[in-house]
Amino acid sequence: MNHDHPTFVLLHGLLCDADTWTDFIGPLSRLGHVLAANLSGIDSLPGAARDVLARATGPLIVVGHSMGGRVALEMARQAPARCRALVLMNTGYRGLGEGETEKRMALVRAARAGGIQAIAGDWLDGMIAPRTRDDAALMARMRAMVLRSTPDSFAGQIQALIGRPDATELLGRIACPVLFMSGTEDRWSPLDRHADMAARVPDADLEAIEGAGHMAPFEAPAASLSAITDWLARRGLAA
């Protein structure tokens, strides 16, 4: 492999898996090697970043969605020289919020008591744009993905998020270009938070994905993918 060619590292979010990137892997594989990481067994964001870095070689373009964006930031913290670019979608950077631990642990208790199916409907409902509910095939696909998670995997991911580092200071030190993206209907990680993040990074751009919620890679895959590939082309980051 030509090690000057970037490896695209794709990092999915909480209760998600590589199906997040179904519409992305083919097009990105024409630009470089693609690693769609599995974050189902994690219990630490820095630990997950170390594991992913050990599995990839050479320069990296790291694309992280939601929780995966947090892992991407930790990769940039641990291996800044290897990160050629970051794409951070529907994500955040601050540490633990007031009352957040109890809310998250209540979901873990519900999942342990009734299985992932006990939380899947309400969890997905909070993550999507209202119009997405009318797309029965997409809703079924996302629900099937959530149900592939286990209560133990979910609990580990929640532990990782509760223990997450605050990345405020890190943002100002990121040396590579960063593309921030969020859906205009994202209530969980709104667009203005991404504008705030972009303002803190030395070299950053911001892209709004019209009509998408927190699950933008599913809700608007074509718009999300073209935003990424157009940005990479403009920046000369991928052949």
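Counting from 1, the numbers follow the sequence of the chain as shown. Quick caveat, the model's predicted, so the values are computed rather than measured.
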Next on the checklist: Would you call the rings of His214 and His65 parallel, tilted or perpendicular, taking 30° and 60° as the class edges?
Outcome noted: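 His214 and His65: tilted rings.
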
[X] side chain to [Y] main-chain N or O, any donor-acceptor pair under 3.5 Å?
X      : Y      : answer
His5   : Leu31  : yes
Arg70  : Ala160 : no
Glu185 : Pro130 : no

Item to check | By side chain to side chain contact (heavy atoms under 4.5 Å, CB included) - contacts of Asp166 (at least two apart) | outcome: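 Partners of Asp166 by the side chain to side chain contact (heavy atoms under 4.5 Å, CB included) criterion, ordered by chain and then number, come out as Arg94, Thr168.
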
Checklist entry - Is there a chain of hydrophobic side chains (I, L, V, M, F, W, Y, each step under 4.5 Å between heavy atoms) that links Met67 to Ile128? => result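 Same hydrophobic cluster.
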
Next on the checklist: Do Leu10 and Ile209 land in one hydrophobic cluster if side-chain heavy atoms of ILVMFWY residues count as linked below 4.5 Å?
Outcome noted: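 Same cluster.
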
Checklist entry - Between Thr20 and Leu11, does a side-chain contact (heavy atoms from CB on, under 4.5 Å) hold up when you go through it step by step? => result CA-CA 9 Å; Thr20 304; Leu11 302 167; over 6 Å; no

Checklist entry - Around Arg133, counting heavy atoms of other residues, nucleotides and ligands shown, do more than 12 lie under 6.0 Å from its CZ? => result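 Check passes, neighbour count above 12.
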
To the closest 0.5 Å, what do you measure between [atom1] ([X]) and [atom2] ([Y])?
X      : Y      : atom1 : atom2 : value
Leu39  : Ser66  : CG    : OG    : 11.0 Å
Ser182 : Trp188 : OG    : CH2   : 13.0 Å
Thr101 : Lys103 : OG1   : NZ    : 11.0 Å

Decide yes or no for [X] and [Y]: does some side-chain heavy atom of the first lie under 4.5 Å from some side-chain heavy atom of the second?
X      : Y      : value
Asp186 : Leu191 : no
Phe218 : Met145 : yes
Arg104 : Leu14  : yes
Val9   : Val52  : yes

Item to check | Residue pairs fulfilling salt bridge (Lys or Arg N to Asp or Glu O under 4.0 Å) with at least one residue in residues 211-237, sequence neighbours excluded | outcome: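 Sorted result for residues 211-237: Asp203-Arg235, Asp205-Arg235.
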
Item to check | Audit row: Thr22, Asp19, side chain to side chain donor-acceptor pair (under 3.5 Å) steps and yes/no | outcome: CA-CA 5 Å; Thr22 293; Asp19 189 30; 2.6 Å; yes

